[in-house]
Q: 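There's a structure below that I have some questions on.
Read the numbers this way: they start at 1 and go in the same order the structure lists the ligands and their atoms. Residue numbers count from 1 along this sequence.
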Amino acid sequence: MSRLHLGILGSGAGSNMQSIMDAIDAGTLDAEIKIVMADVEGAKILERASKRGIKAMHLDCSPWKTKLEGEAEDRCIEILKREGVDTVALAGFMRIVKPKLLAAFPQRVVNIHPALLPAFPGVAGWKQALDYGCKVAGVTVHFVDAGTDTGPIIVQKAVPVLDGDTPESLHARIQIQEHLAYPEALRILASGEWRMEGRRVRYRDGAGTEGGRSSM
Ligand code: GRF
């Protein structure tokens with residue numbers, strides 16, 4: 001076991017960060033959130049973090065709109081390192097992270113994506129799945145690599161698409177699974193009982209579950 005020292009990057013509501021905080025508070029995830037940064041000023045994720053007494057700050061990423069690069073990337077890395085972060089969790093961070101950040105935290109940058117990758121990478125994965133006519137949608141927690149939503153998969157959870165689903169209703173049901181999947185993936189990393197075999201992330205059955213028994 002090795003306690004995770006998390007740095008969380010987000011852009012929006014921060015419900016995934018909330019699920020991570022809740023797991024820590026419940027004693028089911030051995031981690032500490034060192035810093036939360038958002039590229040959007042006043043984002044709710046910052047408010048949630050501050051309320052819990054976690055250091056939270058706006059990270060100005062201009063002039064870029066869709067990526068974290070250049071001076072902002074340097075600043076981000078410097079802050080993460082200074083705060084003692086060893087694992088970076090992207091939680092609704094609406095920017096592409098670049099190789100410099102990935103190199104600063106090798107195999108230690110993870111992301112949550114609201115679709116069953118490799119299907120529907122990019123924006124609004126749940127809506128892509130619905131529009132495509134999928135009967136099953138879901139969520140993926142994965143390591144981040146140089147591509148967009150292409151890194152090795154740690155945890156996936158499936159969610160049925162119902163007849164009457166709208167993008168909003170499907171996303172809401174996917175988010176319930178997100179809030180289970182992210183703590184589960186982080187528990188696997190904290191357990192230390194995982195390894196990479198090619199693209200496959202292998203771990204002991206149950207390494208991610210609260211009581212040591214796997215639901216996967
Ligand atoms: C989630 O649907 C996540 O999968 C996606 O962005 C959304 C973030 O939600 N990457 P929140 O800010 O964690 O509530």
Side-chain angles (χ1 to χ4, degrees), residues 4 6-25 29 31 33 35-52 54 56-59 61 65-68 76 87-98 101-102 109-132 134 136-145 147-161 165-186 208:
L4 304 180
L6 295 170
I8 296 187
L9 304 185
S11 303
S15 68
N16 279 287
M17 183 200 63
Q18 184 73 50
S19 73
I20 295 168
M21 292 194 305
D22 290 348
I24 294 171
D25 287 353
L29 171 62
I33 303 175
I35 179 109
V36 175
M37 285 185 266
D39 60 336
V40 176
E41 225 170 342
K44 190 161 175 211
I45 191 170
L46 296 177
E47 192 191 311
R48 286 189 202 247
S50 306
K51 225 186 235 169
R52 261 324 148 106
I54 295 167
M57 59 181 285
H58 171 231
L59 181 74
C61 296
K65 295 209 175 336
T66 57
K67 58 186 178 177
L68 175 61
C76 181
T87 305
V88 180
L90 308 181
F93 189 55
M94 298 304 285
R95 287 174 184 268
I96 306 222
V97 297
K98 306 297 279 185
L101 179 91
L102 299 178
V109 183
V110 293
N111 181 43
I112 185 153
H113 181 75
L116 291 175
L117 293 171
F120 312 124
V123 177
W126 66 89
K127 186 169 184 306
Q128 295 186 55
L130 186 66
D131 291 347
Y132 194 88
C134 292
V136 178
V139 55
T140 305
V141 182
H142 63 95
F143 286 111
V144 179
D145 66 7
T148 302
D149 302 323
T150 52
I153 291 166
I154 308 169
V155 166
Q156 286 190 305
K157 290 189 183 293
V159 174
V161 178
D165 261 335
T166 60
E168 293 72 31
S169 66
L170 180 56
H171 188 212
R173 239 171 25 260
I174 288 173
Q175 283 225 287
I176 293 170
Q177 294 304 314
E178 290 185 10
H179 302 156
L180 299 174
Y182 222 158
E184 185 172 319
L186 294 175

Q: Taking His58's backbone N and O only, do any of them form a donor-acceptor pair with Glu41's side chain (distance below 3.5 Å, no angle check)?
A: no
Q: Does Lys157 come within less than 4.0 Å of Glu184, counting only side-chain N to carboxylate O?
A: yes
Q: Name the one of Val88, Ile154, Leu6, Val144 that satisfies side-chain contact (heavy atoms from CB on, under 4.5 Å) with Val110?
A: Ile154
Q: Is any side-chain N of the basic residue among Asp39 and Lys65 closer than 4.0 Å to the acidic one's carboxylate O?
A: no
Q: I need the atoms of ligand 1 closer than 4.0 Å to a non-hydrogen atom of Gln175, numbered in the order shown.
A: 1 (C), 2 (O), 9 (O), 14 (O)
Q: Identify the two heavy atoms, one from Ile45 and one from Met17, that lie closest to each other, and give their separation to 0.1 Å.
A: O-CE, 3.5 Å
Q: Can a non-hydrogen atom of Gln18 be found less than 4.0 Å from any atom of ligand 1?
A: no
Q: Counting each atom of ligand 1 from 1 as listed, which ones have a heavy atom of Glu178 under 4.0 Å away?
A: 1 (C), 2 (O), 3 (C), 4 (O)
Q: Please check: side-chain N/O of Gln177 versus main-chain N/O of Val159, any donor-acceptor pairing under 3.5 Å?
A: no
Q: Does ligand 1 come near enough to Asn16 that some N or O of the ligand is less than 3.5 Å from an N or O of the residue?
A: yes
Q: Would you say Asp165 and Arg173 make side-chain contact, with heavy atoms under 4.5 Å?
A: yes
Q: When you look for heavy atoms under 4.0 Å from ligand 1, do you find them on the side chain of Met94, its backbone, both, or neither?
A: neither
Q: What protein heavy atom sits nearest atom 12 (O) of ligand 1, and how far off is it?
A: Gly14 N, 2.8 Å
Q: With under 30° as parallel and over 60° as perpendicular, where do the rings of His171 and Trp126 fit, or are they tilted in between?
A: parallel
Q: Among all protein heavy atoms, pick the one closest to atom 5 (C) of ligand 1 and tell me residue, atom and distance.
A: Pro114 CD, 3.9 Å
Q: Nearest protein heavy atom to atom 6 (O) of ligand 1, by residue and atom, and its distance?
A: Gly92 CA, 3.5 Å
Q: At the 4.0 Å heavy-atom cut-off, does Gly10 count as touching ligand 1?
A: no
Q: Near Ala13, which atoms of ligand 1 are under 4.0 Å from a heavy atom of that residue?
A: 12 (O), 14 (O)
Q: Under 3.5 Å between some N or O of ligand 1 and some N or O of Ile112?
A: yes
Q: Does an N or O anywhere in Ser15 fall below 3.5 Å from an N or O of ligand 1?
A: yes
Q: Checking side-chain contact (heavy atoms from CB on, under 4.5 Å) against Val109, which of Asp145, Leu9, Leu102 comes through?
A: Leu102
Q: Do any nitrogen or oxygen atoms of Ala91 come within less than 3.5 Å of a nitrogen or oxygen of ligand 1?
A: no
